[in-house]
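Accompanying notes for the structure given below.
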Amino acid sequence: MKRILFIASIILLFSCSKDEPKRLMYDITYTVVASNGATINKVEYRDGKGELVELFDVTSPWTIDIRVRAGLGLEAAAYGDVPYQGSLSITATWTPEGGAEQSETDTLPNDDPNIILIKNGRVEISGRTLSD
């Protein structure tokens, strides 16, 4: 009977100690810049847990560095008011462990003299899954 309990406890121990496979990690930097009178109203991004974070009353330039595991998304957006000759931009730079840096930028310029103000314009780094 003791032997059966011993074997059962060993089996239980090994079945409970399965770890998730180690995933590749990424270093991500998001930067939002409002220029020539543009303002940032809100910034949204996915954090290291994949949860949406929303920030208000952000000043330009705004930057955050986060560490994310593969399988999560690269996703961020910024909203702002852009006057004539102003612009709002967002840049994501990501580097996998031991890999090459990549980046993407989205810019909303207001170069139309007939548009006095783009109200709550949006720039985004569209969601993509970071691969292993």
key: Close side-chain approach of Leu130 and Val68, heavy atoms under 4.5 Å   = yes

query = Are side-chain heavy atoms of Ile66 and Tyr30 found at a separation under 4.5 Å?
reply = yes

inquiry  = One thing to verify: whether Glu97 and Arg69 come together as a salt bridge, which I'm taking to mean a side-chain N less than 4.0 angstrom from a carboxylate O.
reply    = no

query = Excluding sequence neighbours, so at least two apart, what forms side chain to side chain contact (heavy atoms under 4.5 Å, CB included) with Ala34?
reply = Ala38, Ile40, Ser60, Leu88

request  = Using a strict cut-off of less than 4.0 Å between a Lys/Arg side-chain nitrogen and an Asp/Glu carboxylate oxygen, indicate whether Glu51 and Arg46 qualify as a salt bridge.
outcome  = no

inquiry  = Side chains of Ile118 and Leu108, heavy atoms from C-beta outward: is any pair under 4.5 Å?
reply    = yes

request  = Establish whether Val58 and Tyr45 are linked, either directly or via other cluster members, by ILVMFWY side-chain heavy-atom contacts under 4.5 Å.
outcome  = yes

query = Same cluster for Trp94 and Val32 if Ile/Leu/Val/Met/Phe/Trp/Tyr side chains link at under 4.5 Å?
reply = yes

request  = Please examine the side chains of Thr93 and Glu101, heavy atoms only from C-beta on, and report whether any two atoms are closer than 4.5 Å.
outcome  = yes

remark   = Rounded to the nearest 0.5 Å, the CG atom of Asn41 sits from the CG atom of Leu55 at a distance of 13.0 Å

inquiry  = Quick one, Ile115 and Leu117 - any side-chain contact, counting heavy atoms below 4.5 Å?
reply    = no

key: Tyr84 and Asp112, any side-chain heavy atoms less than 4.5 Å apart   = no

task = To the nearest 0.5 Å, tell me how far Glu75 CD sits from Leu52 CG.
result = 7.0 Å

Side-chain H-bond candidate by donor/acceptor type, Ser87 with Ser35, under 3.5 Å = yes

request  = Determine whether Leu72 and Leu74 fall in the same hydrophobic cluster, where Ile, Leu, Val, Met, Phe, Trp and Tyr are linked whenever their side-chain heavy atoms lie under 4.5 Å apart.
outcome  = yes

ask   = Could Lys42 and Tyr79 be counted as a cation-pi pair, given that NZ or CZ must be under 6.0 Å from the ring centre and within 45° of the axis?
value = yes

key: Thr95-Asp27 side chain donor-acceptor pair, cut-off 3.5 Å   = no

message = Return the CG to CG distance between Asn110 and Asn36, rounded to the nearest 0.5 Å.
response = 10.5 Å

key: More than 12 heavy atoms of other groups within 6.0 Å of Ile116 CD1   = no

ask   = Is there a path from Ile64 to Val33 through hydrophobic residues (I, L, V, M, F, W, Y) whose side chains come within less than 4.5 Å of each other?
value = no

From CA spacing to verdict: side chain to side chain donor-acceptor pair (under 3.5 Å), Asp81, Asn120 = CA-CA 5 Å; Asp81 299 331; Asn120 212 35; over 6 Å; no

Closest non-hydrogen atom pair, Ser126 against Glu104 = N-OE2, 4.2 Å

key: Spatial distance of atom CG (Asp47) from atom CZ (Arg67) [nearest 0.5 Å]   = 15.0 Å

query = Any side-chain heavy-atom pair from Val43 and Glu54 closer than 4.5 angstrom?
reply = no

